[in-house]
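Shown next, in structure tokens, is the structure this report addresses.
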Protein chains: 2
Amino acid sequence: MSTTAEASEQPRIPLNSERVLHAAVDIADEEGIESLTMRNLAHHLGVEAMSLYYHVENKAALLDGVVDVIISEIMEEVSTVDSPPPEDDWRRALRERILAARRVLLRHKWAPALIEQRSTMSPAVIFYFEGTLEILRRGGFSYDLAHHAMHALGSRALGFTQELFQPDDAAGEEASEEMFEAMADQLPYLAGMMIEIAHEGPDSTLGWCDDQTEFEFGLDVLLHGLESRLAASQ
Amino acid sequence: MSTTAEASEQPRIPLNSERVLHAAVDIADEEGIESLTMRNLAHHLGVEAMSLYYHVENKAALLDGVVDVIISEIMEEVSTVDSPPPEDDWRRALRERILAARRVLLRHKWAPALIEQRSTMSPAVIFYFEGTLEILRRGGFSYDLAHHAMHALGSRALGFTQELFQPDDAAGEEASEEMFEAMADQLPYLAGMMIEIAHEGPDSTLGWCDDQTEFEFGLDVLLHGLESRLAASQ
DNA sequence: ACCTGAACACCGTTCAAGT
DNA sequence: ACCTGAACACCGTTCAAGT
């Protein structure tokens with residue numbers, strides 16, 4: 001799948017932008033997004049770096065294309081869930097849509113940061129939000145309230161939220177804990193929380209993003225709050 | 001303030017890490033974060049690039065230091081607001097704290113992305129969250145619920161949320177609109193929303209982040225939702 | 001103690017050239 | 001139509017050396 005193409009005698013299959021983009025996703029998945037360089041990508045495809053520019057305008061366009069691949073994957077995943085019609089239960093329909101999107105991002109942990117970074121107004125992203133808006137409208141939201149709701153959801157609508165501290169390796173976690181202990185006497189509330197809450201191991205699922213239960217808690221708080229607004233508007 | 005130090009006959013004031021970090025913030029403010037390179041930073045300080053490594057371990061440490069400068073500025077701003085004691089009105093106290101933090105980020109629009117990117121568990125960040133947790137506790141939250149609440153707030157607790165599409169220049173906006181119009185017939189809900197909602201000009205305040213009214217809407221929805229949870233827990 | 005110059009290993013990208 | 005090689009203008013960083 002992602003084996004580096006070796007110099008072989010077989011006639012070379014010509015590249016196309018689709019193959020380039022999927023190879024880019026594979027590299028990000030397996031080696032991390034920081035390894036996604038033009039030179040490394042070319043190497044994986046058994047080609048010189050400069051050849052990529054025939055299929056992709058530049059690196060920025062490559063990254064936009066990668067985001068599109070991920071969003072397309074999200075669209076596919078979202079289309080497989082069979083929620084109740086939004087007229088019956090918009091809250092459940094929206095919730096399941098968002099959790100489906102999240103499932104895809106769990107397979108590509110580097111993707112949330114990239115999606116935010118590039119804030120791409122691509123067709124794929126637009127279509128995704130069209131579907132989200134449809135649920136809200138069919139659930140009874142005015143355009144105005146639906147618009148606010150989508151802003152309030154923010155990146156959560158796509159299945160992720162950037163969590164502040166989430167050490168990405170064990171070393172980082174250890175360092176944080178040491179620092180924390182050194183300051184514990186000046187941090188009565190945090191210290192109290194640490195004592196009371198069983199720090200239940202590495203449940204974090206989306207890299208430096210939140211883990212599943214926290215994501216669902218925050219999502220449900222928002223959905224509940226939005227429901228109040230909807231009720232007040234009707 | 002940020003003028004490049006010229007070759008002058010005055011005896012050179014020796015650098016220190018504080019001056020380095022503040023110069024770095026100035027560069028990010030005035031030239032954009034992408035202009036914050038070791039070489040450019042050194043040039044602004046009238047020094048060779050290699051000199052910086054005497055005061056800062058490497059670029060990663062520089063960026064962590066820059067984040068700390070911003071968080072310190074937030075701490076200062078937050079300390080100037082005189083909210084009611086959280087025992088009387090935790091919701092207002094928390095709201096005003098968050099909006100104060102946001103005011104600082106509006107002065108450093110590049111900062112939210114950097115803060116997320118580096119997810120630094122620095123003393124400054126920890127102290128900020130200690131203060132947030134204090135409000136929740138004194139407002140009646142259990143440690144467990146307060147913990148969930150802080151996750152639910154996420155980066156909003158620091159005064160920002162990363163909005164998905166927010167074109168950063170006029171050209172980008174125009175391009176998006178063209179694309180949108182080309183697809184309008186396949187996007188009935190988004191098209192309907194566009195028609196109904198007056199697209200009230202460039203109100204966006206935090207770069208590709210949300211504008212002030214949307215931020216407050218989302219914040220209030222969350223605070224309301226959290227209040228429900230609190231009431232249910234008491 | 002503080003700063004420098006040359007050099008290295010990387011980037012993305014251009015341009016003219018090959019098949 | 002598709003790919004390449006050499007070169008350019010950048011990065012962050014090392015290391016040995018200067019004052």
Side-chain angles (χ1 to χ4, degrees), chain A residues 4-28 30-67 110 113-114 117-118 120 168, chain B residues 4-28 30-67 110 113-114 117-118 120 168:
Chain A
T4 302
E6 321 267 301
S8 64
E9 308 89 64
Q10 306 168 21
R12 181 204 303 287
I13 306 150
L15 237 45
N16 56 46
S17 54
E18 206 184 335
R19 269 186 63 212
V20 170
L21 293 180
H22 279 90
V25 170
D26 284 348
I27 289 174
E30 286 157 32
E31 301 175 34
I33 190 77
E34 74 283 352
S35 294
L36 180 51
T37 66
M38 298 301 274
R39 284 169 162 90
N40 189 26
L41 175 56
H43 183 243
H44 273 70
L45 289 163
V47 110
E48 292 303 312
M50 299 312 110
S51 310
L52 299 176
Y53 287 84
Y54 192 84
H55 302 99
V56 134
E57 201 175 324
N58 51 31
K59 177 133 192 208
L62 173 75
L63 293 178
D64 287 341
V66 164
V67 168
W110 44 270
L114 187 63
Q117 196 189 109
R118 303 216 54 79
T120 143
D168 43 359
Chain B
T4 302
E6 321 267 299
S8 63
E9 306 90 65
Q10 307 168 21
R12 182 204 303 285
I13 308 150
L15 238 45
N16 56 46
S17 55
E18 207 185 332
R19 270 185 63 213
V20 170
L21 293 180
H22 279 89
V25 170
D26 285 348
I27 289 174
E30 286 158 32
E31 301 175 34
I33 189 77
E34 74 283 353
S35 294
L36 180 51
T37 66
M38 299 302 273
R39 284 168 163 89
N40 189 26
L41 175 55
H43 183 243
H44 273 70
L45 289 163
V47 110
E48 292 303 313
M50 297 313 110
S51 311
L52 299 176
Y53 287 84
Y54 192 83
H55 302 99
V56 135
E57 200 174 325
N58 50 31
K59 175 130 192 209
L62 174 74
L63 294 178
D64 285 341
V66 164
V67 168
W110 45 270
L114 187 62
Q117 196 189 109
R118 301 214 57 79
T120 144
D168 45 358

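Residue numbering restarts at 1 for every chain, and letters A, B, ... go by the order of the sequence lines.
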Next on the checklist: For DNA chain D, please output the secondary structure as dot-bracket, reading 5' to 3'. Pairs are Watson-Crick or G-U wobble, both atom distances under 3.5 Å; mark crossing pairs with [ ], other-strand partners with |, unpaired with a dot.
Outcome noted: ||.|||||...|||||.||
Checklist entry - Which part of the nucleic acid, if any, lies within contact of B:Thr37, taking any heavy atom under 4.0 Å across all strands shown: a base, the sugar-phosphate backbone alone, or nothing? => result sugar-phosphate
Checklist outcome for this item: Heavy atoms of A:Val20 and A:His55 approach each other most closely as CG2-CB, 4.2 Å
Checklist entry - Hey, does the side chain of A:Ser51 come within less than 4.0 Å of D:dT4's phosphate (OP1/OP2), counting only N and O? => result yes
Checklist entry - Who pairs with A:Arg39 by side chain to side chain contact (heavy atoms under 4.5 Å, CB included), at least two apart in sequence or on another chain? => result A:Thr37, A:Ala49
Checklist outcome for this item: To the nearest 0.5 Å, atom NE2 of A:His43 lies from atom CD of A:Glu48 at 9.0 Å
Checklist entry - Think A:His55 has a side-chain N or O under 4.0 angstrom from the OP1 or OP2 of D:dA1? => result no
Checklist entry - So which heavy atom on B:Leu21 is nearest to which on B:Val66, and how close? => result CD2-N, 4.0 Å
Checklist outcome for this item: Separation of D:dC11 atom C1' from B:Leu52 atom CG, nearest Å, is 14 Å
Checklist entry - To the nearest 0.5 Å, how far apart are CD in A:Glu31 and CG in A:Leu41? => result 10.0 Å
Item to check | Side chain of B:Tyr54 (C-beta onward), nearest among C:dA1, C:dT4, D:dC3 | outcome: C:dA1
Next on the checklist: Whole angstroms only, please: what is the CG-P distance between A:Asn40 and C:dC10?
Outcome noted: 11 Å
Item to check | Separation of A:Glu57 CD from A:Ser17 OG (nearest 0.5 Å) | outcome: 12.0 Å
Next on the checklist: Checking contacts here: which listed nucleotide (D:dC2, C:dC3, D:dG5) is nearest the side-chain heavy atoms of A:Glu48?
Outcome noted: D:dG5
Checklist outcome for this item: In B:Asp64, B:Leu63, B:Leu62, the residue satisfying side chain to side chain contact (heavy atoms under 4.5 Å, CB included) with B:Val56 is B:Leu62
Item to check | Straight-line distance of A:Leu36 CG to A:Glu30 CD, nearest 0.5 Å | outcome: 12.0 Å
Could you run down the sub-3.5 Å N/O contacts of the protein with nucleotides 13-15 of chain D?
residue: D:dT13; atom: OP2; partner: B:Tyr53; partner atom: OH; Å: 3.0
residue: D:dT13; atom: OP2; partner: B:Lys59; partner atom: N; Å: 2.8

Checklist entry - How far apart are the closest heavy atoms of B:Leu45 and B:Arg19, and which atoms are they? => result CD2-NH2, 4.1 Å
Checklist entry - Starting at CD of B:Glu34 and ending at C1' of D:dC10, how long is that distance when rounded to a whole Å? => result 14 Å
